[in-house]
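Right, one structure below, let's go through it.
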Amino acid sequence: MADYALTKSRRLLTPLDYSAVFDGADYKVSDRSVLVLAINNELGYSRLGLVMAKKNIRLAVQRNRIKRQIRESFRTNDIGRGSLDIVVLARRGLDQMENEAVRSLLTTCWDKLLAKASHAAHSQLNAEKV
RNA sequence: AGAGCUGGUCAGGCGGUCGCUGAUUGGCAACGUUAGAUGCUUGCGUCUAUGUUGCUGGUUGGAGGAAAGUCCGGGCUCCAUAGGGCAGGACGCCAGGUAACGCCUGGGAGGUGCGAGCCUACGGAAAGUGCAGCAGAAAGGAAACCGCCUGAAAAACUUCGGUGCUUCAGGUAAGGGUGAAAAGGUGCGGUAAGAGCGCACCGCGCGGCUGGUAACAGGCGUGGCGAUGGUAAACCCCGUCCGGAGCAAGACCAAAUAGGAGCCUAUUGCCGCUGCCCGCGGCGGGCUCGGGUAGGUUGCUAGAGGCAGUCGGCGACGGCUGUCCCAGAUGAAUGAUCGUUCAAGACAGAACCCGGCUUAUCGACCAGCUCUCAUA
């Protein structure tokens, strides 16, 4: 059974954390209404950061709703057991989606991200063998 | 029963599971301070109290009526103790409420609706300047286009009394026409025709009186009204109010790295306090002391506070008594999911805090009142 908690240690807290992800994003997963960036960390667990630009999602109520959905999805998914620093950026139109749609979109994003990360780990392993 | 007006209240409920955040209270671990007790190898242990951090359990609090727009008014903080003048801005019937207001309450005036009600940027146009398209003869100490009336000349006609085309000189603001507006209105008298020329009523100006704190209302007298047209969300005048910046205010602890703090002294220059002037503060020099960006802590929620009762007031509101504690985040919490139920859930998310205004909004309910219809 996975640990479903989401405490402060599992979130990105400072501007330094964020700029590290923006400057050297190892993995990218893109969709029409959302962009996910991530880098490896050495902590043994994943951390989440959110960027909800007021320009893209105008109403505060909608921004809160989307953030809650993303956090809930991150919390209940296996992605939390990886070792990644992840930043999710909202794009225009995300506030038009229903909760269920947002959740399924994010699940596919997490799957893609995990696949890329494990693939990268494998190729690094192979490179080391050669 | 239907249609409507005013004021107010609520903003899905219940249960299970998994989360976030504040407070509080246990347990465990690490580190530290001081105090007490105690062991002896007399400078090190042990225990208890206590502080910080981490993990973990219990209890409990956790968005709004608009949290919004940031349009006003305050508190609070720093700048000088918030000062003087000019400039600038806001407001503008009267009285009251308030910390204050551009808000609210009550009253007056005008407009509007059958009515309950609703609406009003509602000071001054005899201080000055400006503005008014088109139409119209004339638009502000106005004006004669048509018309009406009088007089003179006079074609033509004539029953020889006159009727008078046309022209000229005058009178006339009653009628037509233009316009948003034509200089008091309506009626009667009057007149050559007319005219406040005279009279009545209404309106307006001026002066007393009565009621009212006042705005104002009523009534009396008086002026014939060629006094004083409109426009001040045109400039303006008058009155009242307004210093600036904002919680990223400000205070404290503090990595890297050389930009500081206190005291004394000086007032040429520069910077800041307001756009400008006065005025004030800082930078400058000397002496003494080491410092304050990232980050953290604080400010940060007990308040012009809510609720109930009571007293004063028409009311806004105020006094007194009792009672309650009701978000405090900071990459930013207040949620997710399942079940159930109903009248089927709108607009929408705190960011220093209050009082207002404005805008958005599915609906539900309560109180008072108005109009219409029916029954009796």
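Labels below follow one simple rule: chain letters A, B, ... track the order of the sequence lines, proteins then strands, and each chain is numbered from 1.
- Taking the O4'-C1'-N9-C4 or O4'-C1'-N1-C2 dihedral as appropriate, B/G290 has a value more than 90° from 0 and is therefore anti.
- End-to-end axis angle of the helix from B/C20-B/G62 to B/C31-B/G51, using five pairs per end and rounding to 10°, comes to 0°.
- As rounded to whole Å, 14 Å separates atom C1' of B/G335 from atom CG of A/L50.
- Here the shortest heavy-atom pairing between A/R63 and A/I57 reads NH1-O, 2.9 Å.
- Base pairing analysis places B/G331 opposite nothing; no Watson-Crick or G-U wobble pair with both distances below 3.5 Å involves it.
- Taking a pair to require two hydrogen-bonding distances under 3.5 Å in either a Watson-Crick or a G-U wobble arrangement, B/G7 pairs with B/C366.
- Listed in residue order, the members of residues 55-62 of chain A having a heavy atom less than 4.0 Å from RNA chain B are A/L59, A/A60, A/V61.
- Mapping A/R103 and A/K54 onto RNA chain B via the closest heavy atom, the residue that lands nearer the 5' end is A/K54.
- The nucleotide B/C220 finds its pairing partner in B/G207, both defining distances of the Watson-Crick or G-U wobble pair being shorter than 3.5 Å.
- For the pair A/N64 CG and B/A348 P, the interatomic distance rounds to 14 Å; values are reported in whole Å.
- Base orientation at B/A217 is anti, since its O4'-C1' glycosidic dihedral falls outside 90° of 0.
- Applying the 90° cutoff around 0 to the glycosidic angle, B/A37 is assigned anti.
- A donor N or O paired with an acceptor N or O is found under 3.5 Å between the base of B/G349 and the side-chain atoms of A/R68.
- Pair check for B/C148 finds B/G171; Watson-Crick or G-U wobble, both atom distances under 3.5 Å.
- Minimum interatomic distance between A/D95 and A/N56 (heavy atoms only, all atoms of both residues): OD1-O, 4.4 Å.
- Remark: B/C320 base-pairs with B/G309; criterion is Watson-Crick or G-U wobble with both hydrogen-bond distances under 3.5 Å.
- You'll find the side chain of A/N99 stays beyond 4.5 Å of the side chain of A/R68, heavy atoms only.
- Atom CZ of A/R71 and atom C1' of B/A329 are 12 Å apart (whole Å).
- For the pair A/S73 and A/W110, the tightest heavy-atom approach, listed with the atom from each and the gap, is OG-NE1, 2.9 Å.
- At least one side-chain heavy atom of A/L105 sits less than 4.5 Å from a side-chain heavy atom of A/S33.
- The separation between A/K67 atom NZ and B/A332 atom C1' is 6 Å, rounded to whole Å.
- Against the 90° criterion about 0, the sugar-base torsion of B/G65 places it in the syn range.
- Looking at A/I70 and A/L106, their side chains come closer than 4.5 Å, going by heavy atoms from C-beta outward.
- Nucleotides B/A173 and B/C148 are separated by 12 Å at their C1' atoms, to the nearest Å.
- In this structure, the side chains of A/N40 and A/Y27 come closer than 4.5 Å at one or more pairs of heavy atoms.
- Separating the CE atom of A/M52 from the P atom of B/A333 is a distance of 11 Å, rounded to the nearest angstrom.
- Atom C1' of nucleotide B/G331 and atom CZ of A/R63 are separated by 14 Å, given to the nearest angstrom.
- Inter-residue side-chain proximity for A/Q96 and A/Q62 is flagged as unmet; no heavy-atom pair is nearer than 4.5 Å.
- Taking atom C1' in both B/C72 and B/G102, the straight-line distance is 6 Å, to the nearest Å.
- Computed from coordinates, the A/I70 CD1 to B/G331 C1' distance equals 13 Å when rounded to whole Å.
- With its glycosidic angle more than 90° from 0, B/U213 is assigned anti.
- A salt bridge does not link A/R103 to A/E100: none of the charged nitrogens lies less than 4.0 Å from a carboxylate oxygen.
- By the 4.5 Å heavy-atom criterion applied to side chains, A/F74 and A/I86 are counted as neighbours.
- Side-chain atoms of A/F22 and A/V51, non-hydrogen and from C-beta on, do get closer than 4.5 Å to each other.
- Taking atom P in both B/G356 and B/A367, one finds a spacing of 27 Å when rounded to whole Å.
- The base-pairing partner of B/C78, taking Watson-Crick or G-U wobble contacts with both distances under 3.5 Å, is B/G244.
- The partner of B/A336, taking Watson-Crick or G-U wobble pairs whose two distances both stay under 3.5 Å, is B/U17.
- When the P atom is used for both B/A332 and B/U297, the distance is 15 Å, rounded to whole Å.
- The side chain to side chain contact (heavy atoms under 4.5 Å, CB included) with A/R91 is formed by just one residue from the set A/V34, A/L35, A/D31; it is A/L35.
- Whole-Å rounding puts the A/F74 CZ to B/A336 C1' distance at 16 Å.
- One C1' atom belongs to B/C357, the other to B/C247, and the distance between them is 25 Å to the nearest Å.
- B/G39 is paired with B/C44 under the Watson-Crick or G-U wobble criterion, all donor-acceptor distances under 3.5 Å.
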